[in-house]
Student: 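First the structure, which I've put down as structure tokens, then a few questions once you've had a look.
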Protein chains: 2
Amino acid sequence: MPDSYSQDIRDLHLFSEMEDQHFQSLIRAAYVQNFPPQIELITEGDPSDFLHVLLTGSVDLFSSWNDRETSMATVRPISTFILAATVRDAPYLMSARTIEKSRIMLIPSQNVREVFDQDGQFARAIVDELAQCYRGVIKNTKDLKLRTSLERLANYLLRQQARCGGAPVFTLDTEKRRVASVLGMTSENLSRAFKGLRPYGVCVTGRQITITNQQDLEGFAKPNPLIDQR
Amino acid sequence: MPDSYSQDIRDLHLFSEMEDQHFQSLIRAAYVQNFPPQIELITEGDPSDFLHVLLTGSVDLFSSWNDRETSMATVRPISTFILAATVRDAPYLMSARTIEKSRIMLIPSQNVREVFDQDGQFARAIVDELAQCYRGVIKNTKDLKLRTSLERLANYLLRQQARCGGAPVFTLDTEKRRVASVLGMTSENLSRAFKGLRPYGVCVTGRQITITNQQDLEGFAKPNPLIDQR
DNA sequence: GCCGAGAGTTGACATTTATCAAGTGAATGC
DNA sequence: GCATTCACTTGATAAATGTCAACTCTCGGC
């Protein structure tokens, strides 16, 4: 089902190089839907029927085990999610829920796999995307295993700052409790970690962060491109 | 450089479906080398010049930051490693060192990327492999974030048991200190964790593990296919 | 303007995990 | 045979992190 977002989707690295005929065929098979906040789009363990493309809003990817839950990532427009499950035709490993009101395109996994077999450029783009995702998760594992929660927070702030343009004052785009979960800690611990970064020049007011001493913070965080660069 | 292992490599899922001409071209460009134990094959951050195929022996993939080090995975024959860095032509995110005497085939990354562009079956296999690797790392992240170290060990033992055929007595194929690092804990803590599993019917003698009460252990470990099934 | 809901914070405390130091035990080499 | 090495274990202690309960603050609805 064509849609005003069609060109933005086309510009995604995943779709930009493929033949137009194949792109149109994917779009035709797809449909776009609006979801209210806090709707569970995907449940881990379910078969992966659709490749999802987030057009507007935001989506939380999370996982559960034994009554515990953790945020794995936050998806922001415009990007796809759960590509790996789609191409492998395997069950989802993560659940997904909308954080805010979101507009999402659903492309049947079957069609993705068909077009993949016909279009070499698309295949190449999928490989690139998967390899990048893989490397992202490896970086995340290194972050988790090699750093304390204070160090993870410090580096998270530096990454967020860079995403916001690098100025000393910037804003978290995520609720703190979700930040905590992404970083593998509790909300209470995050609160204390923010305090623990005060000696390194970090001031927190609500979601607004001010870094008064960039050098000090970087000296403590020791950011590393092989962990922190996306 | 052709080699007696050529057929075994050909049988790897990654290479099994590709055209013979392309396979031969990869093999011709490659060379095989023997390494003694404890040799650093790859250093994280270096450019990824070769796709590695472990033929015999074993290799530890590890990462370092700020004088800390952690084992990310153990590679066993016959399998490839650092495929993602090769296809993206990006620096290695992990270092690799031989654990024991190992025989390794090195295929120039350049050739892999060239053949990838020519051979659709090979491209398809790379996608499968990458998607599987990605899912493996996601499972690992869930293990790390959702479980305590005792639970991780319990599930590790169950997975190892399954790999050994499922009998109540089996052997760890890895030094305990490496097991500890893979599970994200210290050796000391692993030692205590083994003790902590005694009430659930786990007996440890050197590297030999005896599970005297399968039900109890599984009841505690709560293994989950979305985390533990490989 | 008041109220309620929910995110965030704080303090007290428990648990988990790491660190340091000392010891055991088995394999290796001279 | 004995010393050495190194993985592993153990105990004492410290540090990091989680849990629980109470509290504050803000925001939106009425």
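Within every chain, numbering begins at 1; the chains are lettered A, B, ... in the order of the sequence lines, protein sequences first and strands thereafter.
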Student: OP1 or OP2 of D/dT17 versus the side-chain N and O atoms of A/Asn189: is any pair under 4.0 Å?
Tutor: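 Result: no.
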Student: Please round to 10 degrees the angle between the axis of the first five pairs and the axis of the last five pairs in the helix from C/dG1-D/dC30 to C/dC30-D/dG1.
Tutor: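 Answer for the end axes of this duplex: 30°.
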Student: Roughly, in whole Å, what's the span from CG in B/Leu183 to P in C/dA18?
Tutor: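 It works out to 11 Å between those atoms.
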Student: Roughly how many Å is it from CZ in A/Arg207 to P in D/dT26, rounded to a whole number?
Tutor: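 After rounding, the gap between these two atoms is 15 Å.
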Student: So for A/Arg192 and C/dG11, does any side-chain atom that can act as donor or acceptor lie under 3.5 Å from a complementary atom in the base?
Tutor: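 Such a pair is found, so the answer is yes.
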Student: For the residue pair B/Phe81 and B/His52, does the interplanar ring angle fall in the parallel (under 30°), tilted (30 to 60°) or perpendicular (over 60°) class?
Tutor: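 Tilted.
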Student: Any idea which of D/dG18, C/dA18, D/dT10 is nearest the B/Lys195 side chain?
Tutor: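 The nucleotide sitting nearest to the side chain is D/dT10.
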Student: Could you tell me whether the phosphate oxygens of D/dC8, OP1 or OP2, come under 4.0 Å of any side-chain nitrogen or oxygen in B/Ser187?
Tutor: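 Looking at the OP1 and OP2 atoms of D/dC8, neither is under 4.0 Å from any side-chain N or O of B/Ser187.
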Student: Would you check if A/Ile209 and A/Phe194 make a side-chain contact, meaning some heavy-atom pair closer than 4.5 Å?
Tutor: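 A/Ile209 reaches A/Phe194 side chain to side chain.
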Student: Base, sugar-phosphate or nothing for A/Gly196? Non-hydrogen atoms, less than 4.0 Å.
Tutor: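 If one applies the 4.0 Å heavy-atom cut-off, A/Gly196 turns out to touch nothing in the nucleic acid.
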Student: Tell me which residues in residues 137-160 of chain A lie within less than 4.0 Å of DNA chain D, going by non-hydrogen atoms.
Tutor: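 Here the set is A/Thr148, A/Ser149.
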Student: Starting at CG of A/Leu190 and ending at C1' of D/dT17, how long is that distance when rounded to a whole Å?
Tutor: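 These atoms are roughly 13 Å apart.
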Student: Quick one: B/Arg68 CZ to C/dT17 P, roughly how many Å, whole number?
Tutor: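 Answer to the nearest Å: 17 Å.
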Student: Could you give the NZ-to-P distance, from B/Lys176 to C/dG25, as a whole number of Å?
Tutor: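 It works out to 14 Å between those atoms.
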Student: If I take atom CE in residue A/Met185 and atom C1' in nucleotide D/dT19, what distance separates them, rounded to the nearest angstrom?
Tutor: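 These atoms are roughly 15 Å apart.
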Student: Does the C/dC20 base have a donor-acceptor partner in the side chain of B/Glu188 within less than 3.5 Å?
Tutor: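 Side chain to base: pair found, below 3.5 Å.
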Student: Rounding to an integer number of Å, can you tell me how far B/Ile209 CD1 sits from D/dC8 P?
Tutor: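 B/Ile209 atom CD1 is separated from D/dC8 atom P by 11 Å.
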Student: Take the protein atom CD of B/Glu175 and the nucleotide atom C1' of C/dA27, then report the distance between them rounded to whole Å.
Tutor: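 Atom-to-atom, B/Glu175 to C/dA27, this comes out as 13 Å.
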